[in-house]
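The next block holds one structure in the form of structure tokens; read it before the comments.
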Amino acid sequence: MNIRIGSGYDVHRLTEGRKLILGGVEIQHSMGLAGHSDADVLLHAISDALLGALALGDIGKHFPDTDNTYKDIDSMVLLRKVYSLITDKGWVLSNLDATIRCQKPKLSPFITMMRENIASNLNVPADSISVKATTEEGLGFTGEEKGIACECSLLIMKKD
């Protein structure tokens, strides 16, 4: 098989006293995401999708929250480590599509920066990376501004 599909999902609750970081971009907001690392739900969903494409488990298996090595770590570092697991096995990312579910803040001004950050860290063109954001019209935990969630689907291909 020369292609594999992966899907990933992550969610973190919003809390005071933390920076809000999505796609490696720090976004000014009154709250940030709670988590062992920097809690970047976008990068975590992408990492889980990459790992899932090759049946390698999830980021919790590779970077457990019981290991202080990963306390407050930049999730871009984790994404690069995950991607090296993929490329070391002879696979490369073809494209990914991610959707962030977030009532506030408005994320559209940051989407291009997120896409460029992800692309440069995965050594792929920015047009291989799709990041979208949506509100949930005030519904559910994301709509009530209790947390932020992200879903990602992607395709990896075997290198020639």
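Quick note: numbers below take in every heavy atom, side chains included, and nothing from hydrogens, waters or symmetry partners. Position 1 is the first residue of the sequence; numbering continues from there.
- In this structure, the side-chain contact (heavy atoms from CB on, under 4.5 Å) partners of L33, at least two apart in sequence or on a different chain, are H12, L14, L20, L22, A39, V41, I148.
- With side-chain heavy atoms closer than 4.5 Å counting as contact, directly or through intermediates, the hydrophobic cluster containing V11 also holds Y9, F141.
- Residue pairs meeting the salt bridge (charged side-chain N to carboxylate O under 4.0 Å, His left out) criterion with at least one partner in residues 45-62, sequence neighbours excluded, do not occur; the list is empty.
- The salt bridge (Lys or Arg N to Asp or Glu O under 4.0 Å) test applied to E145 returns no partner, not counting sequence neighbours.
- D67 meets the salt bridge (Lys or Arg N to Asp or Glu O under 4.0 Å) test with no other residue; sequence neighbours excluded.
- Sorted by first and then second residue, the side chain to side chain donor-acceptor pair (under 3.5 Å) pairs with a member in residues 20-29 form an empty list; sequence neighbours excluded.
- When every heavy atom of S75 is checked against every heavy atom of L43, the shortest pair comes out as C-CD1, 3.7 Å.
- Among residue pairs with one or both ends in residues 108-117, none qualify as salt bridge (charged side-chain N to carboxylate O under 4.0 Å, His left out); sequence neighbours excluded.
- Residues passing the side chain to side chain donor-acceptor pair (under 3.5 Å) test with R13, sequence neighbours excluded: none.
- Judged as a side-chain contact (heavy atoms from CB on, under 4.5 Å), and not counting sequence neighbours, the contacts of V124 are Y83, L93, A119, L122, S128, I129.
- Scanning for salt bridge (Lys or Arg N to Asp or Glu O under 4.0 Å) contacts around K146 gives E144, with sequence neighbours left out.
- Scanning for side-chain contact (heavy atoms from CB on, under 4.5 Å) contacts around S120 gives an empty result, with sequence neighbours left out.
- Among residues two or more places apart in sequence or in another chain, the salt bridge (Lys or Arg N to Asp or Glu O under 4.0 Å) test is passed with K132 by D97.
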